[in-house]
Enquirer: 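Can you read through this structure? Questions will come right after.
Just so it is clear, the values below take in all heavy atoms, side chains as well, and ignore hydrogens, waters and symmetry mates. Along the sequence shown, the residues carry numbers beginning at 1.
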Amino acid sequence: MICAQFQTAAEGVAREETLFAAGRPALLLWRAREQAIVVPRARSRRAGFVGLVQSAARAGWPLTLRASGGGAVPQGPGTINLAIVAPMPEGARIEDGYRLICGAISEALMRFEVATDTGAVDAAVCDGDWNVTAGGRKLAGTAQRWRPLGGGRSLALIHAAIAARHPPDTVWPVLEQVEAQAGGITPPRPEVHVALHDLLPAAMNPKALQGALMRAAEDRLHHLTGPQPRKAAA
């Protein structure tokens with residue numbers, strides 16, 4: 001279990017990749033001090049990407065690459081990242097990974113009487129069926145990477161980016177440019193998003209939610225890595 005604050009989102013992404021490469025169960029909760037927009041590495045092969053990098057940096061939102069797919073995601077002090085490196089059992093599907101991390105977030109927030117759901121939200125940042133939502137607005141996005149371990153088992157890096165606070169307004173025109181370069185993506189709109197700042201008491205100790213997230217994720221990881229019942233002999 002690691003709680004960390006990095007200077008840049010690139011450092012946080014790199015730490016996740018290091019834990020995934022190590023091949024052992026792990027939990028990482030992190031934030032970045034500097035703002036950035038993280039995009040899939042595949043975007044760098046599209047025409048116009050170099051110019052996009054330059055214009056985004058001039059606007060104060062440098063681009064950082066990640067290995068997983070999806071859309072562009074703002075990062076900075078207002079985003080909490082939860083990463084779980086989990087051994088997935090034989091027969092597990094990608095939906096199981098999404099249920100694991102969305103369930104952890106939901107359980108943690110229920111401790112503070114905040115109800116959540118999952119589903120797509122039109123015009124949300126990095127939209128997908130496994131957004132964590134509150135009141136129909138997007139609170140967190142999720143992504144995964146899997147690699148085989150042999151014997152039908154896999155190792156998954158399961159990630160969620162949770163909005164603790166709304167990003168500065170300067171991010172929205174940059175996000176529109178970034179998604180236009182990808183093609184076919186609905187420009188994200190701020191009003192379809194919600195942040196923990198909107199849902200939790202202002203006087204609440206931020207470490208309370210951090211602890212709840214880590215406990216919920218740790219419980220689910222322990223369930224995967226704890227002693228498994230023996231199969232009956234044939």
Enquirer: Residues sharing Met110's hydrophobic cluster, by side-chain heavy-atom contacts under 4.5 Å among ILVMFWY, directly or via others?
Expert: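 Via sub-4.5 Å side-chain contacts, Met110 links to none.
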Enquirer: Would Arg15 and Phe6 count as a side-chain contact (heavy atoms from CB on, under 4.5 Å) if you check the C-alpha gap in whole Å, the side-chain angles of each, and the deciding distance to 0.1 Å?
Expert: CA-CA 10 Å; Arg15 178 67 67 87; Phe6 299 105; 3.8 Å; yes
Enquirer: Is there a donor-acceptor contact under 3.5 Å from the side chain of Arg66 to the main chain of Gly69?
Expert: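 Yes.
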Enquirer: Write down the atom of Ala72, the atom of Val39, and the distance for their closest heavy-atom approach.
Expert: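 The answer is CB-CG1, 3.8 Å.
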Enquirer: Which atoms form the tightest heavy-atom contact between Phe20 and Ala156, and what is the distance?
Expert: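 Here Phe20 and Ala156 meet closest at CE1-C, 3.9 Å.
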Enquirer: Less than 4.5 Å apart, any side-chain heavy atom of Leu52 and any of Leu63?
Expert: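 Yes, at least one pair of side-chain atoms sits under 4.5 Å.
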Enquirer: Any chance the rings of Trp172 and His166 have centres within less than 6.0 Å?
Expert: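 Ring centroids of Trp172 and His166 are no less than 6.0 Å from each other.
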Enquirer: Considering residues, nucleotides and ligands other than Glu113, do more than 12 of their heavy atoms fall under 6.0 Å from its CD?
Expert: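 Incorrect, the count does not exceed 12.
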Enquirer: Can you check whether Gln35 reaches Pro168 side chain to side chain, under 4.5 Å on heavy atoms?
Expert: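 Yes, close enough: below the 4.5 Å cut-off.
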Enquirer: Roughly how far apart are Met88 CE and Ile94 CD1, rounded to 0.5 Å?
Expert: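 These two atoms lie 9.5 Å from each other.
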Enquirer: Val121: which other cluster members, linking ILVMFWY side chains closer than 4.5 Å, directly or transitively?
Expert: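 Its cluster partners, ordered by chain and number, are Val192.
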Enquirer: Say you draw a straight line from CG of Leu82 to CG of Leu28; how long is it, rounded to the nearest 0.5 Å?
Expert: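 CG of Leu28 is found 8.5 Å from CG of Leu82.
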Enquirer: Val114 versus Leu139: any side-chain heavy-atom pair under 4.5 Å?
Expert: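 No, their side chains stay 4.5 Å or more apart.
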Enquirer: For Ile105 and Ile162, run side-chain contact (heavy atoms from CB on, under 4.5 Å): C-alpha distance rounded to whole Å, both residues' side-chain angles, the deciding distance at 0.1 Å, then the answer.
Expert: CA-CA 9 Å; Ile105 296 169; Ile162 307 165; 4.0 Å; yes
Enquirer: At their closest point, which heavy atom of Glu179 faces which heavy atom of Pro188, and how far apart are they?
Expert: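 Result for this residue pair: CG-CD, 4.2 Å.
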Enquirer: Where is the tightest heavy-atom contact between Val73 and Val125, given as atom of each residue plus distance?
Expert: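 Where Val73 meets Val125 most closely, the heavy atoms are CA-CG1, 4.0 Å.
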Enquirer: Please answer: with hydrophobic residues joined when any side-chain heavy atoms are less than 4.5 Å apart, are Ile80 and Leu109 in the same cluster?
Expert: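 Yes, same cluster.
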Enquirer: Tell me whether Arg99 is salt-bridged to Glu95, with the criterion being a basic N under 4.0 Å from an acidic carboxylate O.
Expert: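 Glu95 and Arg99: not salt-bridged.
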Enquirer: Output the distance between atom CD (Gln181) and atom OG (Ser55), rounded to the nearest 0.5 Å.
Expert: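 Between Gln181 CD and Ser55 OG, I get 9.5 Å after rounding to 0.5 Å.
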Enquirer: Please say yes or no: joined through hydrophobic side-chain contacts below 4.5 Å, possibly via intermediate residues, are Val85 and Leu27 part of one cluster?
Expert: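 Different clusters.
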Enquirer: Surrounding CZ of Arg24 (heavy atoms of other residues, nucleotides or ligands, distance under 6.0 Å), is the total greater than 12?
Expert: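 Open: at most 12 neighbouring heavy atoms sit under 6.0 Å from CZ of Arg24.
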Enquirer: Starting from Leu157, can I reach Leu221 by hopping between I/L/V/M/F/W/Y residues whose side chains sit under 4.5 Å apart?
Expert: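 No, because Leu221 and Leu157 fall into different hydrophobic clusters, even though each may have its own neighbours under 4.5 Å.
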Enquirer: Say whether Leu65 and Leu175 are linked into one hydrophobic cluster, either directly or through other cluster members, by side-chain heavy-atom distances under 4.5 angstrom.
Expert: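 In one cluster: yes.
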Enquirer: Only one of Arg220, Arg145, Gln144 clears side chain to side chain contact (heavy atoms under 4.5 Å, CB included) with Ile158; which?
Expert: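 Answer after filtering Arg220, Arg145, Gln144: Gln144.
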Enquirer: Kindly determine whether Asp122 and Thr186 satisfy side-chain contact (heavy atoms from CB on, under 4.5 Å), including the steps that lead there.
Expert: CA-CA 8 Å; Asp122 187 45; Thr186 302; 4.2 Å; yes
Enquirer: Can you establish whether the number of heavy atoms outside Asp169 located under 6.0 Å from its atom CG is more than 12?
Expert: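 No, the 6.0 Å shell around CG holds no more than 12 heavy atoms from other groups.
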Enquirer: Tell me every residue that passes ring pair (Phe, Tyr, Trp, His ring centres under 6.0 Å) with Trp130, counting only those two or more places apart in sequence or in another chain.
Expert: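 Checked Trp130 against ring pair (Phe, Tyr, Trp, His ring centres under 6.0 Å); matches are Tyr98.
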Enquirer: Give a yes or no on this: more than 12 heavy atoms of other residues, nucleotides or ligands lie within 6.0 Å of atom CZ of Arg137.
Expert: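 Check passes, neighbour count above 12.
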Enquirer: Does any non-hydrogen side-chain atom of Thr8 lie less than 4.5 Å from one of Glu11?
Expert: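 They are in contact (side-chain heavy atoms under 4.5 Å apart), so the answer is yes.
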Enquirer: Sub-3.5 Å donor-acceptor pair from the side chain of Ser106 to the main-chain atoms of Cys102, do we have one?
Expert: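 No, Ser106 side chain to Cys102 backbone: no donor-acceptor pair under 3.5 Å.
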Enquirer: Are Asp96 and Arg93 ion-paired here, with the side-chain N under 4.0 Å from a carboxylate O?
Expert: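 Salt bridge flag = no for Arg93 with Asp96.
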Enquirer: With a sphere of 6.0 Å drawn around CZ of Arg165, does it hold more than 12 non-hydrogen atoms of other residues, nucleotides or ligands?
Expert: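 Not more than 12 within 6.0 Å, no.
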Enquirer: Identify whether Val38 and Ile185 are in the same connected component of the hydrophobic contact network (ILVMFWY, side-chain heavy atoms under 4.5 Å).
Expert: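 Val38 does not cluster with Ile185.
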Enquirer: Between Glu16 and Trp30, do the side chains contain an N or O donor and an N or O acceptor separated by less than 3.5 Å?
Expert: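 Yes.
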Enquirer: Taking all non-hydrogen atoms of both residues into account, name the closest pair between Pro87 and Leu155 and its distance.
Expert: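 The answer is N-CD1, 3.9 Å.
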Enquirer: With a 4.5 Å limit on heavy-atom distance, are the side chains of Gln210 and Cys3 in contact?
Expert: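 Answer yes - side chains close enough.
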Enquirer: Will you find, in the side chains of Asn81 and Gln75, an N or O donor that is under 3.5 Å from an N or O acceptor?
Expert: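 The answer is yes; a qualifying pair exists.
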Enquirer: Which value, rounded to the nearest 0.5 Å, describes the distance between Asp129 atom CG and Asn131 atom CG?
Expert: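 Here the interatomic distance stands at 8.0 Å.
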Enquirer: Could Arg43 and Phe49 be counted as a cation-pi pair, given that NZ or CZ must be under 6.0 Å from the ring centre and within 45° of the axis?
Expert: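 Output no; distance or angle outside limits.
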Enquirer: Can you give me the closest heavy-atom contact between Ala160 and Thr142, atom names plus distance?
Expert: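 Closest heavy-atom pair between Ala160 and Thr142: CB-CG2, 4.0 Å.
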Enquirer: Step by step, would you call Cys126 with Lys138 a side-chain contact (heavy atoms from CB on, under 4.5 Å)?
Expert: CA-CA 10 Å; Cys126 193; Lys138 178 168 181 172; 4.1 Å; yes
Enquirer: Is there a donor-acceptor contact under 3.5 Å from the side chain of Thr133 to the main chain of Gly136?
Expert: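 Between the backbone of Gly136 and the side chain of Thr133 there is no qualifying donor-acceptor contact (under 3.5 Å).
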Enquirer: Step through the shown structure and confirm whether more than 12 heavy atoms of other residues, nucleotides or ligands are within 6.0 Å of CD on Glu176.
Expert: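 No, not enclosed.
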Enquirer: Could you tell me the separation between the OG1 atom of Thr225 and the NE2 atom of His222, rounded to the nearest 0.5 Å?
Expert: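 The OG1 atom of Thr225 sits 6.5 Å away from the NE2 atom of His222.
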Enquirer: How many angstroms lie between atom CE of Met214 and atom CG of Asp219, to the nearest 0.5 angstrom?
Expert: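 Nearest 0.5 Å value for the CE-CG distance: 11.5 Å.
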